[in-house]
Asker: 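Would you mind keeping the following structure in view while I ask a few things?
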Amino acid sequence: MSRFDKFFAGLAFRGSTPDYEPGDVIEVMVTGTEGGEAVARIGDSTLRIEDAPADAVNTRVLVAVDAWDDAGHRGTGTYRETVGESAF
């Protein structure tokens with residue numbers, strides 16, 4: 001193994017378009033609303049959150065992913081609970 005290979009061993013880049021499976025429970029930051037539903041933006045992807053409280057914007061919440069479109073980088077999820085507030 002060359003020095004170059006050793007230096008870069010284990011290096012990976014994180015993508016801006018994650019993929020999820022229905023049933024995954026993830027923690028996200030609610031960044032806004034669209035059409036009356038809370039929305040979380042994860043990189044270049046968008047997750048609409050059904051049943052989120054009206055004051056959910058700028059909070060961290062747990063969401064169960066209901067559907068995810070890998071090609072469109074969009075999905076829907078169901079609100080579980082609020083786990084924190086924005087650090088800003």
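Keep in mind it's a predicted model, so treat the numbers as computed, not measured.
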Asker: Apply salt bridge (Lys or Arg N to Asp or Glu O under 4.0 Å) to Glu34 and list each qualifying residue two or more places apart in sequence or on a separate chain.
Answerer: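 Partners of Glu34 by the salt bridge (Lys or Arg N to Asp or Glu O under 4.0 Å) criterion, ordered by chain and then number, come out as Arg41, Arg48.
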Asker: Can you list every ring pair (Phe, Tyr, Trp, His ring centres under 6.0 Å) pair that touches residues 26-57, not counting sequence neighbours?
Answerer: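 Residue pairs with at least one partner in residues 26-57: there are none.
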Asker: Scan for ring pair (Phe, Tyr, Trp, His ring centres under 6.0 Å) pairs involving residues 43-77, sequence neighbours excluded, and state none if there are none.
Answerer: Tyr20-Trp68
Asker: Pairs in or reaching into residues 33-56: which pass ring pair (Phe, Tyr, Trp, His ring centres under 6.0 Å), with residues at least two apart or in two chains?
Answerer: none
Asker: Name all residues meeting the ring-ring contact (aromatic ring centres under 6.0 Å, His included) criterion together with Tyr79; count only those two or more places apart in sequence or in a different chain, and write none if there are none.
Answerer: none
Asker: Residues two or more places apart in sequence or in another chain: which of them pass side-chain hydrogen bond (donor to acceptor under 3.5 Å, both in side chains) with Asp24?
Answerer: none
Asker: Any ring pair (Phe, Tyr, Trp, His ring centres under 6.0 Å) pairs touching residues 25-62, not counting sequence neighbours?
Answerer: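 Pairs touching residues 25-62 that pass the test: none.
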Asker: Of all the heavy-atom pairs spanning Ile49 and Ala40, show the shortest one and how long it is.
Answerer: CD1-CB, 4.1 Å
Asker: Between CD1 of Ile26 and CG of Leu47, what distance do you get to the nearest 0.5 Å?
Answerer: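 Ile26 CD1 to Leu47 CG: 5.5 Å, rounded to 0.5 Å.
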Asker: List, one per line, each side-chain donor-acceptor pair under 3.5 Å for residues 56-67, sequence neighbours excluded.
Answerer:
unit_1 : atom_1 : unit_2 : atom_2 : d
Thr59  : OG1    : Ala56  : O      : 2.4
Arg60  : NH1    : Glu27  : OE2    : 3.2
Asp66  : OD1    : Thr78  : OG1    : 3.3
Asp66  : OD2    : Thr78  : N      : 3.4
Asp66  : OD2    : Thr78  : OG1    : 2.6

